[in-house]
Amino acid sequence: MNLVTVSGPPSSGKTSIILKTIEAIKNRGLSVGVVKFDCLYTDDDILYEKAGVPIKKGLSGSLCPDHFFVSNIEEVVDWGKSQNLDLLITESAGLCNRCSPYIKGITAVCVIDNLSGINTPKKIGPMLKTADIIVITKGDIVSQAEREVFASRVNSVNPQALIIMVNGLTGQGAFELSTLFYEEERSIETVKGKELRFPMPSALCSYCLGETRIGEKYQMGNIKKINMGDEND
């Protein structure tokens with residue numbers, strides 16, 4: 001079974017891209033399933049069900065969805081194998097742009113849209129910088145010049161990644177993307193023992209543990225303070 005992780009900022013078009021790509025993959029006679037990770041609510045599972053795609057969803061609640069992902073990915077892979085899937089796609093919540101649980105040796109895809117602003121690639125951390133494939137969406141809404149400038153900004157942040165334009169509405173580019181999602185030689189049996197490409201954000205403070213009061217005397221653990229002095233200090 002192949003495993004692909006798909007991440008990206010909120011509303012960048014991840015689900016639409018995955019659905020269009022799955023259509024192309026199914027035409028090759030391959031079975032595909034999806035596990036959707038989110039925070040509080042998602043109805044994307046309904047869209048996958050309508051498309052006849054085996055789907056499971058996990059809501060992290062008060063936990064970071066990417067930490068939730070790492071804690072559950074082994075069970076997710078076991079589920080995919082129990083369904084006899086050729087390809088299992090995990091879709092992240094796209095929470096804060098900082099982290100993304102990409103795994104070494106597992107295809108990592110980041111979806112980002114042209115409408116997010118030309119400086120957005122610089123604001124996204126390992127989710128963009130460590131991806132193998134970067135999918136740029138909503139190119140039909142902006143001009144050719146804007147598409148080229150945005151793609152150039154993306155390339156400057158991650159020059160090693162393959163950049164591909166995909167339209168989540170029409171499916172243009174989805175077939176090309178589907179050829180990158182599945183390769184028989186990338187099949188895995190388990191992710192146990194594999195490593196993340198980048199460490200997750202570190203935070204274990206009083207607010208992580210349920211504190212709601214504001215004030216220095218209530219702050220404990222891993223706390224980082226902003227420098228409010230002169231810029232030259």
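Hydrophobic clustering (side-chain heavy atoms under 4.5 Å, transitive across Ile, Leu, Val, Met, Phe, Trp, Tyr) groups L30 together with I18. There is a path of hydrophobic side-chain contacts, each under 4.5 Å, that joins V135 to L19. By the criterion of side-chain heavy atoms lying less than 4.5 angstrom apart, applied directly or through intervening Ile, Leu, Val, Met, Phe, Trp or Tyr residues, I25 is grouped together with L47 in one hydrophobic cluster. Placement of I103 and V76 within a single hydrophobic cluster is found when ILVMFWY residues are connected by side-chain heavy-atom separations under 4.5 Å, directly or transitively. In the hydrophobic cluster analysis, where Ile, Leu, Val, Met, Phe, Trp and Tyr join through side-chain heavy atoms closer than 4.5 angstrom, L88 is grouped together with I188.
Taking NZ from K50 and CD1 from I55, the interatomic distance works out to 14.0 Å, rounded to the nearest 0.5 Å. Note: I17 CD1 to I89 CD1 = 11.5 Å, rounded to the nearest 0.5 Å. Separating the OG atom in S71 from the CG atom in D66 is a distance of 10.5 Å, to the nearest 0.5 Å. In this structure, NZ on K122 lies 6.0 Å from OG on S156, to the nearest 0.5 angstrom. To the nearest 0.5 Å, the span separating CD on E49 from CG on D44 amounts to 11.0 Å. Distance check, rounded to the nearest 0.5 Å: OG1 of T179 to CD1 of I164 gives 7.0 Å.
When each of E91, K56, E75, K57 is tested with V35 by the rule side-chain contact (heavy atoms from CB on, under 4.5 Å), just one qualifies, namely K56. Partner Y182 forms a side-chain contact (heavy atoms from CB on, under 4.5 Å) with one of N2, V32, T107 and no other, that one being N2. In summary, of the residues considered (R213, K225, E211), a side chain to side chain donor-acceptor pair (under 3.5 Å) with Q219 occurs for K225 alone.
In this structure, the side chains of M1 and V77 come closer than 4.5 Å at one or more pairs of heavy atoms. Between Y102 and D132, every side-chain heavy-atom pair lies at or beyond the 4.5 Å cut-off. In this structure the side chain of K36 reaches within 4.5 angstrom of the side chain of T15, judged on heavy atoms. V70 places a side-chain heavy atom less than 4.5 Å from the side chain of M200.
The closest donor-acceptor contact from the side chain of K104 to the backbone of K194 lies at 3.5 Å or more, if one exists at all. For N222 (side chain) and C205 (main-chain N/O), no donor-acceptor pair under 3.5 Å exists by modelled atom type. Looking only at distances, no side-chain donor or acceptor of K138 sits under 3.5 Å from a matching main-chain atom of L115. Of the possible polar contacts, none joining the D43 side chain to the I46 backbone as a donor-acceptor pair under 3.5 Å is found. Side chain of N114 to main chain of T137: a donor-acceptor pair is present (N/O by atom type, distance under 3.5 Å, no hydrogens or angles). Panel note: side chain T120, backbone S116; a donor-acceptor pair is recorded below 3.5 Å. The backbone N or O of L177 lies less than 3.5 Å from no partner atom in the side chain of T21, so there is not a single donor-acceptor pair.
Considering every non-hydrogen atom in both I163 and A151, the closest pair reads CD1-O, 3.8 Å. Nearest heavy-atom pair, L3 versus I73, reported as atom, atom and distance to 0.1 Å: CD2-CD1, 4.3 Å. Residues V111 and G13 share a closest heavy-atom pair of CG1-C, 4.3 Å. L128 and N158 make their closest contact through O-ND2, 2.8 Å (heavy atoms, listed as atom of the first residue, atom of the second, distance). Contact record, I124 with P9: CD1-CG, 3.9 Å, taken as the closest heavy-atom pair. Considering every non-hydrogen atom in both A131 and R197, the closest pair reads C-NH1, 4.4 Å.
Pairs passing the ring-ring contact (aromatic ring centres under 6.0 Å, His included) check and including a residue from residues 38-93, sequence neighbours excluded, read F37-F68, F37-F69. Residue pairs meeting the salt bridge (charged side-chain N to carboxylate O under 4.0 Å, His left out) criterion with at least one member in residues 164-184, sequence neighbours excluded: E183-R186.
Counted within 6.0 Å of CG on L209, heavy atoms from surrounding residues, nucleotides or ligands total more than 12; the atom is thus considered enclosed. With a 6.0 Å radius and a threshold of 12 heavy atoms from other residues, nucleotides or ligands, Q172 has its CD atom at or below the threshold.
Donor-acceptor pairing under 3.5 Å is recorded for the side chains of N119 and R153. Donor-acceptor pairing under 3.5 Å is recorded for the side chains of D86 and S31.
Annotation for Y207: hydrophobic cluster partners, listed by chain and number, are none (ILVMFWY side-chain heavy atoms under 4.5 Å, direct or chained).
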Using the side-chain contact (heavy atoms from CB on, under 4.5 Å) rule, take V53 and K26 through it: C-alpha gap first, then chi angles, then the decisive distance, then the call. CA-CA 10 Å; V53 178; K26 281 187 172 181; 3.9 Å; yes
CA sep, side-chain torsions, deciding dist, call: D113, I136, side-chain contact (heavy atoms from CB on, under 4.5 Å): CA-CA 5 Å; D113 69 272; I136 302 179; over 6 Å; no
I112/M127 under side-chain contact (heavy atoms from CB on, under 4.5 Å): CA gap, chis, key distance, verdict: CA-CA 10 Å; I112 184 172; M127 184 170 72; over 6 Å; no
Pair V34, I22 - check side-chain contact (heavy atoms from CB on, under 4.5 Å), show working. CA-CA 10 Å; V34 175; I22 286 176; 3.7 Å; yes
